[in-house]
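Sequence positions, counted from 1, serve as the residue numbers for this chain.
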Amino acid sequence: MLSPEVFDVLNKLMKSDEENATGDIQLLCKLFSGERCSYHYSTEESRIIPANTPFSILGSTHPLNAAKLIVKMDHGHGLVDRMLFAIPLALRPTLTQMESATQQLSTEVLEDFNECFENITNTSLQLRFYFSEEAQAILRENTDQFVSDVNDAIREGKVPPKSKLPELLPRMATALHVFEHTMKQLLAGVPATSPPTQIEKATLERATDFVNHLESQKSILCYVSEKYIYRAILFDNVRARSFGIILE
């Protein structure tokens, strides 16, 4: 989905949940956790979503719209914790960079991604992935460090990290593992095969760096949103006091 579709959908969903307690936000949180869910509309029968159903939201929106969504998500129900936001720098390329990109696209990039997507979305392959011993050690270390950061924040009366890092890391590593294996074979002109079931240390390290980068961006956006809201409230209070009104 592209802007404004992704913004409109999530914005209406969260607004409806706040006003009518529809439970849509809780449904998204349960889907992220792989729980069995059910929902229904007044005009149709209930729909059942089985447990462990892969679920993701992929969209594109402007930073201002993204910030507005984050403000609405950051209300304690944990939805923003389950989100990853990528905000690339919108730098304009030079003419040399454009020519280089055109050359690469004409020689080193696939023209047809259908085989790649078919291999990734092949539901007939019920593969169970696992991490190598080195990768498991890193995953355990990252999880323990995250838990330590959360506990320290609670002890100090601070807001804990807005993240589900222990869940996000293995998911991102698995996605990179499958995509990298498929793309390497297709770029080499070889028909794509099933990826190996073992995820190596290097893949997990790349996934960790990527997730940490995205989490740092989310922290910046949340901080900006919080500061903006605080300043807006402070401004309203100052303006109200000039009229002899005290806002709680």
Side-chain angles (χ1 to χ4, degrees), residues 1-12 54-74 80 82-122 138 142 161-163 165 168-193 195-196 199-228 231:
M1 297 184 291
L2 298 177
S3 180
E5 287 86 357
V6 65
F7 173 79
D8 289 342
V9 170
L10 292 177
N11 186 52
K12 290 178 181 177
F55 170 71
S56 65
I57 296 177
L58 179 65
S60 176
T61 186
H62 295 93
L64 179 59
N65 287 343
K68 292 179 180 178
L69 289 176
I70 290 176
V71 171
K72 289 194 173 184
M73 289 181 189
D74 193 14
V80 71
R82 294 160 169 80
M83 294 281 186
L84 289 176
F85 299 91
I87 312 293
L89 293 177
L91 302 178
R92 297 194 62 175
T94 64
L95 182 59
T96 301
Q97 291 173 330
M98 293 173 63
E99 293 173 346
S100 176
T102 302
Q103 177 66 21
Q104 181 183 8
L105 289 172
S106 63
T107 58
E108 302 178 17
V109 180
L110 292 177
E111 296 182 359
D112 185 7
F113 283 86
N114 287 333
E115 188 175 353
C116 175
F117 294 140
E118 289 174 0
N119 191 53
I120 291 176
T121 60
N122 188 353
I138 294 177
N142 288 334
K162 301 180 186 301
S163 173
L165 191 68
L168 293 172
L169 284 181
R171 296 184 185 198
M172 182 61 68
T174 305
L176 290 179
H177 172 73
V178 175
F179 184 76
E180 181 181 23
H181 169 81
T182 303
M183 287 302 299
K184 278 184 176 180
Q185 291 190 326
L186 294 180
L187 288 172
V190 179
T193 60
I199 302 175
E200 301 296 337
K201 170 187 174 183
T203 302
L204 179 61
E205 289 176 335
R206 290 194 293 269
T208 302
D209 291 340
F210 184 54
V211 171
N212 285 336
H213 170 68
L214 298 184
E215 289 291 276
S216 67
Q217 289 191 326
K218 181 168 66 175
S219 297
I220 293 173
L221 288 174
C222 287
Y223 176 77
V224 171
S225 299
E226 290 171 357
K227 295 290 288 185
Y228 174 79
R231 289 177 180 176

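- Note that the CG atom of Asp209 and the CG atom of Leu204 stand 9.5 Å from one another [nearest 0.5 Å].
- The CG atom of Asn65 lies 11.0 Å from the CD1 atom of Ile70; values are rounded to the nearest 0.5 Å.
- Legend: salt bridge (charged side-chain N to carboxylate O under 4.0 Å, His left out) pairs involving residues 214-223, not counting sequence neighbours, sorted by first then second residue: Glu215-Lys218.
- For the residue pair Thr208 and Leu169, the shortest heavy atom distance occurs at CA-CD2, 3.6 Å.
- Screening residues 183-192 for salt bridge (charged side-chain N to carboxylate O under 4.0 Å, His left out) gives Glu180-Lys184 as the qualifying pairs, with residues at least two apart or on separate chains.
- Here the CD atom belonging to Glu205 is positioned 11.0 Å from the CD atom belonging to Glu200, to the nearest 0.5 angstrom.
- For the atom pair CG of Asp74 and CG of Leu69, the computed distance is 12.5 Å after rounding to the nearest 0.5 Å.
- Atom CZ of Phe85 sits in a crowded spot, with more than 12 heavy atoms from other residues, nucleotides or ligands closer than 6.0 Å.
- A donor-acceptor distance shorter than 3.5 angstrom exists from the side chain of Ser216 to the backbone of His213, with no hydrogens or angles considered.
- Taking the side chain as every heavy atom from C-beta outward, Met83 and Ile57 approach each other to under 4.5 Å.
- Considering CD of Gln217 and OG of Ser219, their distance stands at 10.0 Å, rounded to 0.5 Å.
- Within the 4.5 Å cutoff, the side chain of His62 has no heavy atoms near those of the Phe7 side chain.
- Taking each heavy atom of Leu168 and Arg82 in turn, the nearest pair found is CD2-O, 4.2 Å.
- For the pair His177 (side chain) and Pro196 (backbone), a donor-acceptor distance under 3.5 Å is present.
- Across all their heavy atoms, Ser163 and Leu165 have their closest contact at OG-N, 3.0 Å.
- Rounding to the nearest 0.5 Å places CG of Leu176 at 13.0 Å from CE of Met183.
- Without hydrogens or angle criteria, Gln103 side chain to Ser100 main chain gives no donor-acceptor distance under 3.5 Å.
- The shortest non-hydrogen separation linking Gly59 to Val6 is CA-CG2, 4.1 Å.
- Residues Pro195 and Val178 approach most closely at CG-CG2, 4.1 Å, considering heavy atoms.
- Not a single salt bridge (Lys or Arg N to Asp or Glu O under 4.0 Å) links Lys72 to another residue, sequence neighbours left out.
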